[in-house]
Colleague: 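Quick one: the structure is below, and I'll ask about it shortly.
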Amino acid sequence: MKKNLKNYLLGAMIFLTCGAYAQDKSDWQNGVPEGCTTITVGKLASADGSVITSHTDDSHRTRAWMDIVPAQKHEKGSKFNLYERSAFDSLAMPIYQHKKIGEIDQVEKTFQYLNTAYPCMNEKQLAMGESTFGGREELYSDACLIDCQRLEKLMLERCTTARQAIKLADELLSKYGWRDFGECLTIADKKEVWHFEVVGPGKGKIGAVWVAQRVPDGHVSINANASTIKEIDLKDTDHFMASKNIFSVAKENGWWKEGETFRWNYAYAPKSRLSLAARRREWRVLSLMAPSLHLDANDKDYPFSVKPDEKVTMEKLVRIFRDYYEGTDFNFVKNIKQADKSGKETLSPFANPFMPYDMNRLFHVNGGWGELGERTIARWYTMYATIIQCRNWLPDEVGGIVWLAQDNVATSLYIPVYAGSTDLAPSYKIQARRTGYTRKSAWWAFNRLGTLTAQRWGDMRYDVEKVFVPLQNKYFAEQANIDKEFLGLSKKKRSTFLTNRTIQLGNQAVEKAWEIGDGIWTKYDEKF
């Protein structure tokens, strides 16, 4: 009797606490999520055999700091706290606050992981990217407890492979429920990469509906705020997994009938396929990877994955993430022109693909994103970005690399954070948006540089590229020697070696960002 009463009171407490807040939509535009882009690459599609996932955290509300959470042992009875985020505007700048809504049992041992706003890689080379696709509003349930950021953390703390992470998600969400809108997690390990798409169970219910599809080893894929998983074959366990209720929930709600072809995205997130902001990015990434396919920029659906025309290098991925449709009809600032000295019309150096939305009206900009222009891959409000390599031919400590950039990727630099790194440069750990502008922060160094460069983009971009492009290529080229040097070290020295490199390059990148920005102030005085 006491046990039943205790469970009842706990349930009531969770219900009351959970019902106090609604999942935040501060980063949505026109009622549609458009926050992040993630690209995945199978091991036979990458130039060096890496399995790759990635992420642009396109939200200046998420935190500007990051750290490395060490592996830990937890006492019996320890709890893992669950939170819900909401917009918070009472500090120096808009951020998210995270309020506790419940807790679950913690496990005895947890793995080390890189704690970005969306935790992204652990010490065993389990890695993640993320993109919100929304899904049907009626599936959201505030009776549930686990949101996207907490699920990623749980997976990284407890799992070593993508399949194990998906299985854990099924167990936890069945018990505690998915308290979020539709999300795609791109989950990679040393062998393979999966897209895991999940939605809620319906108002007042506890649970989740989810599906997972593996990217073929020789293919690349993308999620850009729209559900991309279509037909599924659950008999093909090498490529598909799903929750037990995947068909029943769709059938009960009239979103699918027996005898019809079942398409996950049209059953659970049909509005996401209407978004040109999403579809244009899908087209651009897949077209840059496989131009031979001649994909139509206005199609409604694209293949879940494609075989790239050439093996994918890190340099190519960086170029893609810097893209804003330059050279295409969808460069939404292409008509901002002025006459040169000879009278010929040319693109103005002030034509800025990263304009605040208010400026779009000033220049009568319109596009696939309406008055917002076009939703490009590179964005001015990116908080940080990752491209993660999982390399099975090397020890985990050096095999897993999070290439980490700050702010707008078009004016940023990726540094390596290894699975075996135990610390970051101090400037990466500053909670910069809480206190406002500071020269102590890595994020502010790149945010200032990106904002300055955008003011006279046609000229200033080259000042940034002249420094960052060769430096980025140098970082990538040096990695083979880093791998070799690591393998020649004793096990006691390996972690220190990797950590020192992460800190060294982090400091160097930030110093360069400040240096270039200071140079721009001087060189272009009175010209912007």
Side-chain angles (χ1 to χ4, degrees), residues 34-43 45-48 50-58 120 127 129-131 184 186 188 193 195 215 218-226 228 276-295 297 302-332 353-354 368 374-382 384-389 401-415 450 461 464-465 468-469 471-473 475-476:
E34 52 75 42
C36 304
T37 304
T38 175
I39 300 170
T40 50
V41 184
K43 62 184 179 183
S46 65
D48 67 351
S50 298
V51 180
I52 297 173
T53 187
S54 57
H55 179 212
T56 57
D57 179 25
D58 297 337
C120 61
E130 175 272 343
S131 186
C184 174
T186 53
V193 58
H195 286 215
V215 179
H219 279 212
V220 299
S221 189
I222 174 177
N223 192 285
N225 303 126
T228 62
L276 269 176
R279 285 152 47 196
R280 196 78 83 206
R281 278 176 285 160
E282 293 174 4
W283 162 78
R284 185 60 167 164
V285 170
L286 298 178
S287 293
L288 288 171
M289 292 289 194
S292 62
L293 294 178
H294 302 291
L295 298 174
Y302 299 100
F304 168 75
S305 64
V306 302
K307 183 178 180 180
D309 289 354
E310 298 176 347
K311 294 293 181 74
V312 180
T313 63
M314 289 296 298
E315 292 84 355
K316 181 162 189 172
L317 281 169
V318 170
R319 289 196 299 271
I320 289 175
F321 276 115
R322 287 176 176 165
D323 188 80
Y324 55 89
Y325 309 135
E326 187 176 23
T328 77
D329 291 337
F330 308 108
N331 179 4
F332 69 98
F354 307 114
E374 293 283 349
R375 203 305 189 180
T376 56
I377 300 170
R379 298 304 294 164
W380 57 268
Y381 51 78
T382 297
Y384 68 90
T386 60
I387 303 174
I388 308 178
Q389 291 180 280
I401 310 176
V402 177
W403 294 95
L404 175 66
Q406 299 287 321
D407 206 68
N408 186 347
V409 175
T411 48
S412 195
L413 185 67
Y414 289 87
I415 66 160
R461 59 184 285 194
V464 178
E465 291 173 2
F468 277 173
V469 171
L471 190 57
Q472 186 70 82
N473 293 340
Y475 289 174
F476 291 149

Colleague: How many angstroms lie between OH in Y381 and CG in D57, if you round to the nearest 0.5 Å?
Modeller: 11.0 Å
Colleague: Before giving the answer on side chain to side chain contact (heavy atoms under 4.5 Å, CB included), spell out for R281 and Y325 the whole-Å C-alpha distance, their side-chain angles and the decisive distance to 0.1 Å.
Modeller: CA-CA 9 Å; R281 278 176 285 160; Y325 309 135; 3.5 Å; yes
Colleague: Ignoring hydrogens and geometry, is there a side-chain-to-backbone donor-acceptor pair from T37 to T56 under 3.5 Å?
Modeller: no
Colleague: With rounding to the nearest 0.5 Å, note down the distance linking CG in L471 to OH in Y414.
Modeller: 14.5 Å
Colleague: Classify the side-chain pair T382/D407 by whether it contains a donor and acceptor separated by less than 3.5 Å.
Modeller: no
Colleague: For E130, check salt bridge (Lys or Arg N to Asp or Glu O under 4.0 Å) against everything at least two apart and list the hits.
Modeller: none
Colleague: Would you mind telling me which of V51, I52, V193 makes a side-chain contact (heavy atoms from CB on, under 4.5 Å) with V41?
Modeller: I52
Colleague: Any donor and acceptor pair, going by atom type alone, linking the side chain of T228 with main-chain N or O of N223 inside 3.5 Å?
Modeller: no
Colleague: Is the shortest side-chain heavy-atom distance between I401 and M314 below 4.5 Å?
Modeller: no
Colleague: What are the two closest heavy atoms between A278 and A224, and how far apart are they?
Modeller: CB-O, 3.0 Å
Colleague: Using the side chain to side chain contact (heavy atoms under 4.5 Å, CB included) criterion, which residues pair with E315? Sequence neighbours excluded.
Modeller: T313, R319, N473, F476
Colleague: Measure across A290 and P308 and return the closest heavy-atom pair with its distance rounded to 0.1 Å.
Modeller: CB-CA, 4.4 Å
Colleague: Given the rule in the side chain to side chain contact (heavy atoms under 4.5 Å, CB included) test, do I320 and I39 qualify, once you have shown the distances and angles that lead to the verdict?
Modeller: CA-CA 10 Å; I320 289 175; I39 300 170; 3.8 Å; yes
Colleague: Identify the heavy atoms of A277 and R375 that sit nearest to each other, and give their distance.
Modeller: CB-CB, 3.5 Å
Colleague: Only counting residues at least two apart or in another chain, list the ones meeting ring-ring contact (aromatic ring centres under 6.0 Å, His included) with W283.
Modeller: F330
Colleague: Got a second to check how far I388's CD1 is from T53's OG1, nearest 0.5 Å?
Modeller: 6.0 Å
Colleague: Report the distance from atom CZ of F468 to atom CZ of R322, rounding to the nearest 0.5 Å.
Modeller: 9.0 Å
Colleague: Do we see a donor-acceptor contact under 3.5 Å between the side chains of T40 and T186?
Modeller: no
Colleague: Could you pull out the closest heavy-atom pair between V312 and V220, with the gap in Å?
Modeller: CG2-CG1, 3.9 Å
Colleague: Contact between C120 and H55 at the side-chain level, heavy atoms closer than 4.5 Å - yes or no?
Modeller: no
Colleague: Run the side chain to side chain contact (heavy atoms under 4.5 Å, CB included) test on Y324 and R379 for me, step by step, so that the C-alpha distance in whole Å, both residues' side-chain angles and the decisive distance to 0.1 Å come before the verdict.
Modeller: CA-CA 8 Å; Y324 55 89; R379 298 304 294 164; over 6 Å; no
Colleague: How close do N225 and C36 get, heavy atom to heavy atom, and via which atoms?
Modeller: OD1-O, 3.3 Å
Colleague: Could you grab the distance from atom CD1 of I377 to atom CG of L288, nearest 0.5 Å is fine?
Modeller: 6.5 Å
Colleague: Quick one: list whatever passes side chain to side chain contact (heavy atoms under 4.5 Å, CB included) with D48, sequence neighbours left out.
Modeller: S46, S50, Q389, R391, W393
Colleague: Would you find more than 12 non-hydrogen atoms of other residues, nucleotides or ligands less than 6.0 Å from K316 atom NZ?
Modeller: yes
Colleague: So, E326 and R461, do they make that salt bridge, N to O below 4.0 Å?
Modeller: yes
Colleague: Once rounded to the nearest 0.5 Å, what's the spacing between atom OG1 of T376 and atom CG of N331?
Modeller: 9.0 Å
Colleague: List the steps and the verdict of side chain to side chain contact (heavy atoms under 4.5 Å, CB included) for I222 and M289.
Modeller: CA-CA 11 Å; I222 174 177; M289 292 289 194; over 6 Å; no
Colleague: Name all residues meeting the salt bridge (Lys or Arg N to Asp or Glu O under 4.0 Å) criterion together with R284; count only those two or more places apart in sequence or in a different chain, and write none if there are none.
Modeller: D323
Colleague: Can you sort out the partners of Y302 under ring-ring contact (aromatic ring centres under 6.0 Å, His included), two or more places apart, ordered by chain and number?
Modeller: none
Colleague: Which heavy atom in I387 sits nearest to a heavy atom in S54, and how many Å separate them?
Modeller: CA-CB, 4.0 Å
